[in-house]
2 protein chains.
Amino acid sequence: MTHKSAITIKDVAQAAGCGVATASRVLNNSGSASADVRERVETAARDLGFSFSAIGRALQSRRSMTIGCLVPSLANPVFAEAVQGVQAELQGSGYQLLISCSNYDEAADDAALEMLLSKDTDALIATMVAPERSAALQLAGRRGIPVALMFHDPMEGFVTSYVDNVEAAREVARQFARLGHRRTGFLALRFSTSDRSRNRYAGFLAECRAGGLPDPALIEIGEAEARQPDRLAVILGQHPGLTAIFASNDFLAIALQNAARLLGWRVPQDMSVAGFDGIEIGRLLEVPLATIETSPEAMGRQAARLLLERLQGGAPVQPPALSFHFRAGATLAPPTPGKGDDGRVAAQPPSAPPAETAQQG
Amino acid sequence: MTHKSAITIKDVAQAAGCGVATASRVLNNSGSASADVRERVETAARDLGFSFSAIGRALQSRRSMTIGCLVPSLANPVFAEAVQGVQAELQGSGYQLLISCSNYDEAADDAALEMLLSKDTDALIATMVAPERSAALQLAGRRGIPVALMFHDPMEGFVTSYVDNVEAAREVARQFARLGHRRTGFLALRFSTSDRSRNRYAGFLAECRAGGLPDPALIEIGEAEARQPDRLAVILGQHPGLTAIFASNDFLAIALQNAARLLGWRVPQDMSVAGFDGIEIGRLLEVPLATIETSPEAMGRQAARLLLERLQGGAPVQPPALSFHFRAGATLAPPTPGKGDDGRVAAQPPSAPPAETAQQG
DNA sequence: TTGTATGCGTTATCAT
DNA sequence: ATGATAACGCATACAA
């Protein structure tokens, strides 16, 4: 086949026997043109298989029609879904998505954002390790480039699409307390490069205290333990007496149940478990996972929408937190008397209705 | 701190008191320049916070340093991981990733690819609904734009990064047969917009026949059934007598077990189940899922590598299929005598060693 | 070694 | 209604 080095509007104009300006006007439906020349230009463009060069356009219009997106990793379904949401919302807007991953590395984070900026993206959407410390993020703000954050709590100078991690975590603590649990734990990835995890712990801790419960045991594990049930079991065994554990995400919650099984503990009879995120697989498990259901996809959509509005001249507005939803699942039960009850027999709270559902938004 | 309109190399040249060509040479380390002016240019660039405009560069060099990537959806972890692999491999290469999703829609597929092309991407990497019917894909080939496919079988004119679905499915059939299963089934999404699923069925069917087994029952379900265990259970109930089912992906395999449970069938005692993909969660389940383990991440990396090599002038080379690995898990067992054995008591095959593992590559 | 001028593909301006 | 031309930011051939 003929190696056709891209044909430009100049070729079209020549074929149509008119000036490039006229061809441009016709092809863009801007300005006016006689039906005659309009026809000639259109057929010429069709015949030659002409298509605009986005680069030429970008150079002249000073807009790349490109939006940069930075997330820690696409291997994490939560982020992948969020990006999917962004992508979906951008469909038909004319904007294309330029993506980059930091792999949870703070330095890579900043570098990636800088790279995105240098690509002349018209807007930025990001989930970072440490947005408050990112020079590139500040730079974007100063340059007047619209920025939307995802998953992060509201931050001075930037709009963000997020769920209230603290409040959601409090809800979990309330559910635990309602069932009569006192000795609880919080399971998280060590070196958790995430303010999300921190906020969840903070909320959980705060509500435990508010409810008069002892402080939860903080169980931090590494990636290795999260993937190897036997290793996690060892760690879990070092925390006897806990009757309910809140894992900072669903994946950990599932791994946790696996480890518990190795110790001969049944869920929820011997230990209650709750997760966070609401990944779909959780619903399909033999024992459906109790969790805070969120919608990363909606988060991505909202972030994209915020950006599009700003790109159309709107002022930046910080929307309220997205709603979450407590899903009871089947991994929650009252603690078994005699286990982890500080030596006393755990009394069933006076009136504990069956685990219900909580909305917030 | 209102950074005005971006500063260009012209500003740098002016500040450094030299011509733009000299500034360009210094900043690109091309050509020669006196230590004197070199110093002035560099400090000027630093002081002004100069950075190149990717667009200006692209226009002049005819290369956008951008690679387009099309996948059906990022909500599917298999594709998300593949993109993550692409992304990882592209790190530091100077190329950025432009992504788009088709949502399994063939028309959107072609349109998205066209859009990517119109963005002047230097190369394309895609997983499509019907690559063999995509006009945009052909166009890319004709234009001489390097293209790499992912997940697809080798196709005339394009290189692809893939696993041999047919061979992998045969392996599953062999495992079933080894355990003594005869009445088997293949579970897939109806309207499965995927040659992967078709190839898996073909391989499964072929090996069943080769092994003298009856043809497997083809069980096609819709999205709704896949997400609602009770509905899937109804369908499953319509196929009594099956002792082993091969689901075309792990997600379906998990949903399948859920449905079986509702029918009171135990896995693997009453029914064996195998999946495909090897998603991580499968290993963490109470009953670890038997599956064909693949690495979408490796697939993405390979595809990206193929592209980078071509962009550096290399000739297109089709690499061999990526290896897969049969993971025995715990969802496989010999059929229970008296169930689904065509009326005869299923004989244990003469020498059935414990389920082992098969490599291919 | 350095600067000037040109062209990359497009649109906006301004004549005609 | 139409077309010639000037940007846009950059790299480079060519001249100095």
Side-chain angles (χ1 to χ4, degrees), chain A residues 4-42 44-45 48-66 94 96 117-122 143 145, chain B residues 3-42 44-45 48-66 94 117-122 143 145:
Chain A
K4 37 158 103 182
S5 56
I7 45 183
T8 76
I9 200 170
K10 202 181 293 183
D11 302 316
V12 174
Q14 186 162 14
C18 69
V20 291
T22 303
S24 175
R25 276 187 296 253
V26 170
L27 264 14
N28 287 297
N29 275 328
S30 69
S32 46
S34 66
D36 175 35
V37 70
R38 182 177 297 274
E39 176 63 21
R40 273 163 26 224
V41 167
E42 270 161 359
L48 275 56
F50 167 81
S51 75
F52 284 106
S53 156
I55 293 182
R57 271 188 157 165
L59 184 59
Q60 125 76 28
S61 69
R62 342 264 286 131
R63 303 200 312 160
S64 67
M65 294 307 282
T66 275
Q96 295 296 303
L117 275 174
S118 79
K119 279 286 184 176
D120 302 304
T121 52
D122 293 337
R143 283 208 194 151
I145 295 174
Chain B
H3 249 242
K4 278 289 67 132
S5 52
I7 47 175
T8 77
I9 200 171
K10 200 182 295 183
D11 301 316
V12 175
Q14 185 161 16
C18 69
V20 290
T22 304
S24 174
R25 279 186 292 255
V26 169
L27 264 15
N28 287 299
N29 274 330
S30 70
S32 46
S34 66
D36 176 35
V37 69
R38 181 177 298 275
E39 175 64 21
R40 278 175 8 235
V41 168
E42 270 161 357
L48 274 58
F50 167 82
S51 75
F52 284 105
S53 155
I55 294 182
R57 269 187 158 166
L59 186 59
Q60 118 77 29
S61 69
R62 342 263 286 137
R63 303 200 311 160
S64 66
M65 294 308 283
T66 276
L117 275 174
S118 79
K119 277 287 184 173
D120 302 304
T121 51
D122 293 337
R143 282 205 193 155
I145 294 174

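Order of the sequence lines fixes the chain letters, A, B, ..., with proteins taken first and strands second; residue numbering starts at 1 for each chain.
- Distances were taken from every side-chain heavy atom of A:R25 (C-beta onward) to each of C:dT11, D:dC10, D:dT2; the shortest belongs to D:dT2.
- Toward the 5′ end of DNA chain C lies the nearest nucleotide of B:A33, the other residue of the pair B:A33 and A:S53 mapping further downstream.
- Between B:R38 and B:N29, the closest side-chain pair of non-hydrogen atoms falls below 4.5 Å.
- Across every non-hydrogen atom of A:C18 and A:R40, the tightest pair is CB-NH2, 4.5 Å.
- At whole-Å resolution of the value, CZ in A:R62 and C1' in C:dT11 are 13 Å apart.
- Here A:S24 does not reach the OP1 or OP2 of C:dT10: none of its side-chain N or O atoms lies under 4.0 Å away.
- In this entry the distance linking CG of B:L59 with P of C:dT6 reads 17 Å, nearest Å.
- OP1 or OP2 of C:dT11 has not a single side-chain nitrogen or oxygen of A:S61 nearer than 4.0 Å.
- Around atom CD of B:E42, more than 12 heavy atoms belonging to other residues, nucleotides or ligands sit under 6.0 Å away.
- One interatomic measurement links the two molecules: CD of A:Q60 to C1' of D:dC8, which rounds to 7 Å at whole-angstrom precision.
- Separating the NZ atom of B:K10 from the C1' atom of C:dT4 is a distance of 13 Å, rounded to the nearest angstrom.
- The nearest whole Å value for the distance from the CZ atom in B:F50 to the P atom in D:dG9 is 10 Å.
- Counting to the nearest Å, the P atom of C:dC8 and the CZ atom of B:R57 are 20 Å from each other.
- One can place CD1 of B:I9 at 15 Å from P of D:dC8, the figure rounded to the nearest angstrom.
- Among the heavy atoms of the strands lying under 4.0 Å from A:G19 are primed sugar atoms or P, OP1, OP2 only; no base atom is included.
- Within the model, atoms OG of A:S51 and CG of A:L27 stand 10.0 Å from one another, a figure rounded to the nearest 0.5 Å.
- Nearest to the side chain of B:S34, among C:dT11, C:dT2, D:dG3, sits C:dT2.
- Counting only distance, with no hydrogens or angles, the side chain of A:D11 and the backbone of A:T8 share a donor-acceptor pair below 3.5 Å.
- Between B:R40 atom CZ and C:dT2 atom P the separation is 8 Å, expressed in whole Å.
- Take the nearest nucleotide of DNA chain D for B:A21 and for B:I55: the residue whose nucleotide is more 5' is B:I55.
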